[in-house]
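Following: one structure in structure tokens, then a few remarks.
Below, chain A is the first sequence line, B the second, and so on; all start at residue 1. Just so you know, these numbers use all the heavy atoms, side chains as well, and skip hydrogens, waters and symmetry mates.
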Amino acid sequence: MVILSSAIKGVPEDILEAARIDGATEIQVFWRVIVPSIMSSIVVVFTTMVINVLKVFDIVWVMTGGQDGTEVIAERMIRNMFTFRHFGRGAAIAVFMFIAVIPVMYLNIRRFRAEEAIR
Amino acid sequence: MTVVTEPQVETSKGTEGGVGSTGSLWVVRVIVLAIVLIWLVPAVGLLISSLREPGAIDTTGWWTVFGSLGDTGQWTLNNYREVLDSGGFANAFLNTLIVAIPATVMPITIASFAAYAFSWMDFRGRYILFVVVVALLVVPLHVALIPILRLYAGGPELDISWMSGAVGWLVNLIPQVDMGQIETVRIGFPLQLNNSFLGVWLAHTGFGLPLAIYLLRNYIGSLPSSVIESAEIDGADHFKIFTRLIVPLSVPALASFAIFQFLWVFNDFLVALVFLGEAPQNRILTIALNQLNGAFGEAWHLLTAGRSSRWCCPWWCSSPSSASSSGA
């Protein structure tokens, strides 16, 4: 939220004004001007949120304990490691989570490459 | 959250002239105000609870004070007095700063170097390395606690018993050495970082680095290349470019990450409990608060006062923190 807010404040005022002079409504200014210019920050927030959600465990652990089909992958990893003392299985789930974020990271790398190509 | 929303009001004020629709502006204001109020409710409740008698807290909710606002007898400062007199509170506050300040400076220093390298230095495998660093964010820190604790206690242990074949062949040339000893050889030296400030600094640094590298890489990578190229033409080496150009230009990103990291360390309980322990001389504020609460959670009224007095530091250091520390 802080990242997005600072990114929006970083959008230069003159391109917003230019868009408004061209007759864009405020909603159009937002979707056509602001969102494309803060795309890199959106991707950053998206990536960190995806990763945070993927590794969420404490909320599930406290609220339902993984009962009734609410088990998540990180919670299963912790349970295998500390409850069942099966460190190998826990580490295997950790590796699986690591693999699961690779698509998101691929998106990031592609964007970095594109950024470097035009700079 | 409160801080984030306040500037939005200002921005919409600034754009008012451009659009000329005051109706939508009021909608924005009402929504922002509602969000601020929702986020403030727990904080206000905590503050009110900290000013009430223990018996009153246990029997009625904090919102009932609004029914009898005129009754001045229900307010008390005894909770604060008890917390501040409980001994070791000032020491714990100092310990929190001792932990938090280096644990903020260290990851920022390392991460800004790394972010510069990842975005402006061309070396083999930097994308792969970057993916690995950032993907490590996905491992919850709870699973790393035991291995790090063992590392701190025993030092880097390397089981070289798999080499016993080669070693055995070697020692057969020297028949005096006993083979039985060789098979369990471990290389290692004791680090003894448990219960030391250095240990907790390093732990916080390690846990904070992936996010720091990712955020700073994103910012530093988007700096204009013309500046850096002209510095290169003028004969600046990488270190000079970093200290004279990159650091001054990326102060906003450095500051925002510093706030994140400082708040995270300031609010942290688990890492400090594991690596620093509960001994009176090196316990930090969150652990002191936990001990104030008592083994059975019977001293709830002290907790609210301690919590509220904790806010003074983040409030002083940065404005977003008041919302975050109440949310934590």
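- Within a 6.0 Å radius of CZ in A:F46, no more than 12 heavy atoms belonging to other residues, nucleotides or ligands are found.
- The side chain to side chain contact (heavy atoms under 4.5 Å, CB included) with B:N218 is formed by just one residue from the set A:V44, A:V43, A:T47; it is A:V44.
- Summarising the geometry of A:K55 relative to B:V138, their closest heavy-atom pair is CB-O, 3.2 Å, with the distance given to 0.1 Å.
- Taken to the nearest 0.5 Å, the CG atom of A:N108 stands 3.5 Å off from the OH atom of B:Y214.
- Atom CG of B:L211 is separated from atom OG1 of A:T48 by 6.5 Å, given to the nearest 0.5 angstrom.
- Proximity to chain B (any heavy atom under 4.5 Å) is restricted, for A:R111, to the side chain, taken from C-beta onward.
- For a residue to count as touching a neighbouring chain, one of its non-hydrogen atoms must lie under 4.5 Å from one of that chain's; by this rule B:L215 touches chain A with the side chain only.
- With a 4.5 angstrom heavy-atom cutoff, A:N52 does not touch chain B via any of its atoms.
- Residues of residues 82-95 of chain A that come closer than 4.5 Å to chain B, counting heavy atoms only, are A:F82, ordered by residue number.
- Scanning both residues, A:I51 and B:V134, for their nearest heavy atoms gives CD1-O, 4.1 Å.
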Contacts under 3.5 angstrom, residues 248-264 of chain B side chains, donor-acceptor by atom type, not counting sequence neighbours:
unit_1 : atom_1 : unit_2 : atom_2 : d
B:S250 : OG     : B:I246 : O      : 2.7
B:S256 : OG     : B:A253 : O      : 3.0
B:Q261 : NE2    : B:A103 : O      : 3.1

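- Contacts classified as salt bridge (charged side-chain N to carboxylate O under 4.0 Å, His left out) and involving residues 40-49 of chain A (residues at least two apart or in different chains) are not found.
- Annotation: residues 96-104 of chain A contacts chain B through A:M97, A:F98, A:V101 [non-hydrogen atoms, separation under 4.5 Å].
- Residues A:F112 and B:Y127 place their aromatic rings such that the two centres sit no closer than 6.0 Å.
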